[in-house]
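Not measured: the values here are computed from a predicted model.
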Amino acid sequence: MTSSSMTAELPASGRRRDDPAGTGRRPASLTAGTGDALGQSLELDADASACMSALAALDPVRRSETEVAPDVHQLLDTWVDGPAYVRNRRFDVLAANKRARALAPMYEPGHNLARDMFLSSEVRQLLAE
């Protein structure tokens, strides 16, 4: 084996060839039929194969980071014993019950907890105690 046969050829951009946009996903043309091929190899019937194809889909249906499911809103509304809120990974408040909103303005949906912690004098007074 020569050293030239052992080297990998990487694109100049540092991105994979099957991901030219840099999205971290493979194009649909490369993954199309994955569920069908797997279904055939597992000898699945048409319904099971269709389910497998759905599972192999590129973009599963997900809620955005700003949406809260209606059942979570309902849970917050019935949670009356204490303050409760829902936040995303960026510390944006997405939903809160009445007690949380009454406790501090930072729990109002749309506020960013990290930003309010540093920039809101009301929040600093609340947390100073």
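- The two residues N112 and R90 make their nearest non-hydrogen contact at ND2-O, 2.8 Å.
- With rounding to the nearest 0.5 angstrom, the CG atom of L113 is 11.0 Å from the OG atom of S120.
- Taking CE of M106 as the start and CE of M117 as the end, the distance is 5.0 Å to the nearest 0.5 Å.
- In this structure, the side chain of R101 engages the main chain of A96 through a donor-acceptor pair within 3.5 Å.
- More than 12 heavy atoms of other residues, nucleotides or ligands sit less than 6.0 Å from atom CD of E108.
- Among residues at least two apart or in separate chains, ring-ring contact (aromatic ring centres under 6.0 Å, His included) pairs with a member in residues 86-123 are Y85-Y107.
- Of the possible polar contacts, one joining the N88 side chain to the D92 backbone as a donor-acceptor pair under 3.5 Å is found.
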Scan the side chains in residues 72-83 for donor-acceptor partners under 3.5 Å anywhere in the protein, sequence neighbours excluded, and list what turns up.
| unit_1 | atom_1 | unit_2 | atom_2 | d |
| --- | --- | --- | --- | --- |
| T78 | OG1 | Q74 | O | 3.3 |
| T78 | OG1 | L75 | O | 2.9 |

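- In this structure, CZ on R124 lies 7.5 Å from CG on L119, to the nearest 0.5 angstrom.
- The minimum heavy-atom distance linking P109 with A95 is given by the pair CG-CA, 4.0 Å.
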